[in-house]
Amino acid sequence: MSQEPSLKRTHYCGDLRLSDAGTTAQLNGWVRRRRDHGGVIFVDLRDRTGITQVVFDPQIDEKAHALADAVRSEFVLHVSGTVRERAPGELLFTADAAFQAELSNGTPLSSEFRALFSDLDTKYTLSGDIHVDVRENDKRWLLTDVENNRTYDITREADSLSVYQGTVNPELATGEIEVAVDSLNILNTAKTPPFPVEDDIEVAEDIRMRYRFVDLRRPEMQKTLEMRHKAALAARNYMNEQGFLEIETPILMNSTPEGARDVLVPSRHYPGRFYALPQSPQQFKQILMMSGVDRYFQIARCFRDEDTRADRQLEFTQLDIEMSFAGVDDVLEVTEGLMKRIFEDAGEIPVQTPFLRLPYYESMARFGNDKPDTRFGMELTDLSDVMADCDFQVFTRALSTGGQVKGIAVPGGADFSRKDIDDLTEFVATYRAKGLAWVKVMEDEFSSGIVKFFKTEQLEIAQKRMGAKSGDIMFFVADRPKVVADALGNLRLHLGRKLNMIDETQYNFLWIVDYPLFEWNEEANRYEPFHHLFTGATEETLPLLDTDPGKVQSQHYDLVCNGYEICSGSVRIHQWDIQQKIFDILNIKPEDVKNRFGYFIDALEYGTPPHAGIAPGLDRIVMLMRNEENIREVIAFPKSQQGLCPLTHAPSNVTEEQLEELSIRVDIDI
RNA sequence: GGGCUCGUGGCGCAGUUGGUUUAGCGCGCCUGCCUGUCACGCAGGAGGUCGCGGGUUCAAGUCCCGUCGGGCCCGCCA
């Protein structure tokens, strides 16, 4: 038999502790760093659990030490050796035995004792953050200067204390031990990595993506991968406990032109026809309810061929949920339990249930959007009534054409410079606001070029309503309601971040409810579904379908956390006649209904139970728990903003033969 | 479809109104020395078609045009 190197390990690199000292251990891992001191070589060996310092000492094993000479960063090693306590370094000084009491009783060290350290060398000056461990009662102590990341080994001799330089690394969980290697196998060599495999690196994202296999070795990325796994596991366990069945639905389905663009897959058997990848398993999960499954869930990959953003990918993952004989409260309750379980189990983030519920219109009015970040104030205030008879034409013109005047008060904003305000004006222009009016609130006056257009009383009412104090600035936007909401809502967020008004440790869960069922599309001159075609209406507003569809309230709900929409769902329509009415209002022709949803309509008529569902977005949940602002940080192999895979370079060209089989002719030069 | 922004050794950056700069700096890398480091230290060294193409100029990393790639945003995302 050939002599294969042993791959067996007894521990992971994050496992060993002082209590393991004296035992033997075998580790596998990557070389984080090699420190060659001529006589002795230290290697930090890393795997996904942590780092252990392994030592190559020629006096322990000459062969291993010689081999270690060639070891470089990211080499893959198997080592075996003895776990040992890190021995004290050089003797720094001896001190009076009287100081022993200070080490044992946990009180802060006396200035006399501290002075001994500084007297020796200012580099040993102790910080205020000192931690003492008793290694042996009345005999040995380990003193850790946490702030300076330095340790001291203190031993009681006959009548004095000997203070040695410590070799413990307080930053490593395994920092009290090391493995003295007696056998080294270099399992593989490695090219010098393009960037160091450690946290807090400053490397362009495209470089990290190109070398994702190196990037993912970094501890924080491993932590993200593990947290994502735990979140999915927590979800599975919870849904199982709640009686839900996990059922897979097709990845190849038919295209539904409503909503986002579909990712299409050509069919070989049916030239000219295409499968679509699911934007969500919406129709299948409803059919599962019709099929008597009662409670379904799936960790489902979804695809939407739209341009991406920092929190949007071409493909993403939803915890897709549907339940029969359920209404709004049932779904919200299950979802609250699910969120609690995920955030607590995977993220160690405590969650209070039930969550607050905020009507859609109120959210729009107070925050300018339906995914408010409620971790800070600075809410929008409507001033349309107050400003109706001012002399500022920008306001009056907007108001007379059905617009609004709203404002926010920014704490401390009276200090903003002309340039600051210009930048903010440019910022709101992105959202089509034509300007940003401002008034600074001073000790006993209002300051601004536009003050002269207002009665003092008008500005006073504005100030009072917004809660602006002396030293604040009031910003106003006058325009169509949509523009006012977009501009001020985003300005609020922008300034909230810029002025550090957000408590990053807080998680504000909030249901947005009472959405309208339809939205009027000005350009197309017709109603469009606010959510999707199968969203049900509230019983009270259902009669309005015939008279005033714009006023019908849906049974749609969104769960929002810290400004991110993390779940979206609704009670579905389960009666054919109501579904029919929706198609009519939306002007979808019967033949289109038949072509696109025929199977679904059929099923509706064969005994569909009332049902409702929701779909939490796993990626965004993990983003929140990891405090990441980019979705690519929580996906192992994400695509670039243009939809390219930085590793495999998908999408790729295919051969003429492949195209021919699919009866596809590509009409561009490749 | 549109706006903004970035692209200089492996990585992160500097490079002034175009010119004394042989395109610098830090990290990393290589060689040698070093038995207690953990951002080891010391000495020496290698490594760049300044994204690509074209133009202006006596002269371009620097100015202009185009193009490719990354990012953020608007539109879009039922």
Side-chain angles (χ1 to χ4, degrees), chain A residues 32-45 51-60 65 69 72-74 86-90 149-151 153 164-172 174-175 178 180 191-198 200-211 214 256-262 279-280 282 302-314 316 426-433 486-487 490 494 515 517-519 521 527-535 554 556 565 568 570 582 586 588 629-630 632 639-642 644 646 649:
Chain A
R32 166 67 282 268
R33 199 165 281 172
R34 168 178 165 279
R35 292 178 295 279
D36 184 351
H37 284 252
V40 63
I41 297 173
F42 299 101
V43 165
D44 291 338
L45 200 63
I51 285 180
T52 297
Q53 172 167 285
V54 300
V55 189
F56 298 90
D57 188 331
Q59 288 176 357
I60 291 170
H65 178 263
D69 190 56
R72 292 294 180 273
S73 288
E74 300 309 309
R86 294 196 183 185
E90 84 179 275
N149 198 26
R150 218 183 267 284
T151 55
D153 227 291
Y164 298 87
Q165 202 172 348
T167 54
V168 167
N169 184 345
E171 289 197 321
L172 289 183
T174 61
E178 61 193 7
K191 283 178 155 179
T192 302
F195 49 84
V197 180
E198 59 194 30
D200 302 317
I201 52 170
E202 278 180 28
V203 180
E205 203 194 340
D206 55 325
I207 307 275
R208 289 175 49 207
M209 291 301 171
R210 202 147 63 224
Y211 299 92
V214 174
T256 50
E258 293 287 329
R261 284 188 197 90
D262 285 317
Q279 296 182 23
S280 89
Q282 183 63 34
C302 304
F303 305 83
R304 290 180 193 172
D305 191 7
E306 296 295 343
D307 288 358
T308 62
R309 289 287 185 278
D311 63 347
R312 271 159 38 186
Q313 274 277 299
L314 189 66
F316 58 100
E426 207 173 300
F427 176 83
V428 296
T430 344
Y431 304 96
R432 294 172 310 283
D486 277 350
N490 284 294
H494 178 73
Y515 281 84
L517 189 60
F518 302 110
E519 196 173 26
N521 183 322
Y527 283 111
E528 285 179 351
F530 200 91
H531 183 42
H532 63 54
L533 291 167
F534 314 109
T535 306
S554 78
H556 171 171
E565 179 200 306
S568 189
S570 62
I582 302 288
L586 296 173
I588 302 176
E629 284 180 358
N630 198 301
R632 291 185 297 272
K639 296 197 171 38
S640 79
Q641 191 166 46
Q642 315 301 327
L644 287 173
H649 302 113

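From a predicted model like this one, the values you see are computed outputs, not experimental measurements. Each chain gets a letter, A, B and so on, in the order the sequences are listed, and its residues count up from 1.
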Closest to the A:Glu205 side chain: B:G71, B:C34, B:U37?
-> B:G71

Does a sphere of radius 6.0 Å around CD in A:Glu528 hold more than 12 heavy atoms from other residues, nucleotides or ligands, not counting ones at 6.0 Å or beyond?
-> yes

What distance, rounded to whole Å, do you find between the two C1' atoms, one in B:G47 and one in B:G41?
-> 24 Å

Pick out the pairs of N or O atoms, protein on one side and nucleotides 4-10 of chain B on the other, that lie under 3.5 Å.
{"from": "B:G10", "atom 1": "O2'", "to": "A:Pro194", "atom 2": "O", "distance (Å)": "3.3"}

Kindly point out which of B:C34, B:G75, B:U37 is positioned nearest to the side chain of A:Asp486?
-> B:G75

Hey, is the main chain of A:Gly39 close enough, under 3.5 Å, to the side chain of A:His65 for a donor-acceptor pair?
-> yes

For B:C72, take OP1 and OP2 only and decide whether either is under 4.0 Å from a side-chain N or O of A:Asn630.
-> yes

In whole angstroms, the gap separating P of B:G1 from CD of A:Gln642 amounts to 11 Å

Distance between C1' atoms of B:C50 and B:U62 (Å, rounded) | 10 Å

Please answer whether the main-chain N or O of A:Ala260 pairs with a side-chain N or O of A:Gln279 as donor and acceptor at a distance below 3.5 Å.
-> yes

Test item: A:Ser73 side-chain N/O and A:Arg33 main-chain N/O as donor-acceptor pair under 3.5 Å = no

Check whether any side-chain N or O of A:Thr167 sits under 3.5 Å from a backbone N or O of A:Ala87 as a donor-acceptor pair, and report yes or no.
-> yes

Sugar-phosphate, base or nothing in reach of A:Glu528, heavy atoms under 4.0 Å = nothing

Quick test: give all pairs of protein nitrogen or oxygen and nucleotides 25-27 of chain B nitrogen or oxygen below 3.5 Å, distance rounded to 0.1 Å.
none

Whole-Å P distance, B:C40 and B:G2 | 49 Å

Euclidean distance for P, B:U67 against B:C25 (whole angstrom) = 37 Å

Could you tell me whether the side chains of A:Gln165 and A:Asp153 share a donor-acceptor contact shorter than 3.5 Å?
-> no

Has the side chain of A:Arg33 got a donor or acceptor atom sitting under 3.5 Å from an opposite partner on the base of B:C38?
-> no

Given B:G69, B:A39, B:G71, which nucleotide is nearest the side-chain atoms of A:Asn149?
-> B:A39

Distance between the P atoms of B:C4 and B:C65, in whole angstroms?
-> 12 Å

Within the modelled atom types, does a donor on one side and an acceptor on the other bring the side chain of A:Asp307 and the base of B:G75 under 3.5 Å apart?
-> yes

Do any N or O atoms from the side chain of A:Thr308 and from the backbone of A:Gln313 form a donor-acceptor pair under 3.5 angstrom?
-> no

Which one, B:C74, B:G12, B:G70, comes nearest to the side chain of A:Tyr431?
-> B:C74

Can you tell me, in whole Å, how much space there is between the P of B:C72 and that of B:C64?
-> 26 Å

Is A:Asp36 touching bases, backbone alone, or none of the nucleic acid, heavy atoms closer than 4.0 Å?
-> base

Ignoring hydrogens and angles, are the base of B:C38 and the side chain of A:Arg32 linked by a donor-acceptor pair under 3.5 Å?
-> no

Electrostatic pair A:Glu74:A:Lys191 at N-O distance under 4.0 angstrom | no

Atom pairs under 3.5 Å, N or O on each side, protein against nucleotides 29-31 of chain B: can you list them with distances?
{"from": "B:C30", "atom 1": "OP1", "to": "A:Arg72", "atom 2": "NE", "distance (Å)": "2.7"}
{"from": "B:U31", "atom 1": "OP2", "to": "A:Arg72", "atom 2": "NH2", "distance (Å)": "3.2"}

G-U wobble or Watson-Crick pairing nucleotide for B:U21 (cut-off 3.5 Å, both distances) = none

Counting only heavy atoms not in A:Arg34, do more than 12 sit closer than 6.0 Å to its CZ atom?
-> yes

Within the pair A:Arg208 and B:G70, is there a side-chain N or O less than 4.0 Å away from OP1 or OP2?
-> no

Classify the nucleic acid contact of A:Ala204 as base, sugar-phosphate or nothing, counting any heavy atom under 4.0 Å across all strands shown.
-> sugar-phosphate

Under 3.5 Å on both distances, the Watson-Crick or G-U partner of B:G66 | B:C52

Could you check if a side-chain atom of A:Leu517 sits within less than 4.5 angstrom of a side-chain atom of A:Thr535, using non-hydrogen atoms only?
-> yes

If you check every side-chain atom of A:Leu644, which of B:G69, B:C11, B:U37 has the closest atom?
-> B:G69

Please state whether the phosphate of B:G75, meaning OP1 or OP2, lies under 4.0 angstrom from any side-chain nitrogen or oxygen of A:Arg432.
-> yes

Using only side-chain N and O atoms of A:Gln53, determine if any of them is under 4.0 Å from OP1 or OP2 of B:G36.
-> no

Determine if A:His37 stacks with B:U37; use a centre-to-centre distance below 5.5 Å and an interplanar angle below 30° as the criteria.
-> no

Side chain of A:Glu178: nearest nucleotide among B:C77, B:C38, B:G36?
-> B:G36

With a 3.5 Å cut-off and no angle check, do the side chains of A:Gln53 and A:Arg35 form a donor-acceptor pair?
-> yes

Given B:G12, B:C73, B:U37, which nucleotide is nearest the side-chain atoms of A:Gln641?
-> B:C73

Centres of the A:His556 and A:Tyr515 rings: under 6.0 Å?
-> yes

Counting side-chain heavy atoms from C-beta on, which of B:C11, B:U35, B:C38 comes nearest to A:Val40?
-> B:U35

For B:C74, does either OP1 or OP2 sit under 4.0 Å from a side-chain N or O belonging to A:Thr430?
-> no

Rounded distance (Å) that lies between atom P of B:C34 and atom CG of A:Asp57 = 15 Å

What's the closest nucleotide to the A:Arg632 side chain, out of B:G12, B:G71, B:G70?
-> B:G71

Should A:Arg312 and A:Glu306 count as an ion pair when the cut-off is N to O under 4.0 Å?
-> no

Can you find a donor-acceptor pair, distance only, under 3.5 Å between A:Arg35 side chain and B:U35 base?
-> no

Taking the side chain of A:Ala310 as its heavy atoms from C-beta onward, which of B:C34, B:C38, B:C73 lies nearest to it?
-> B:C73

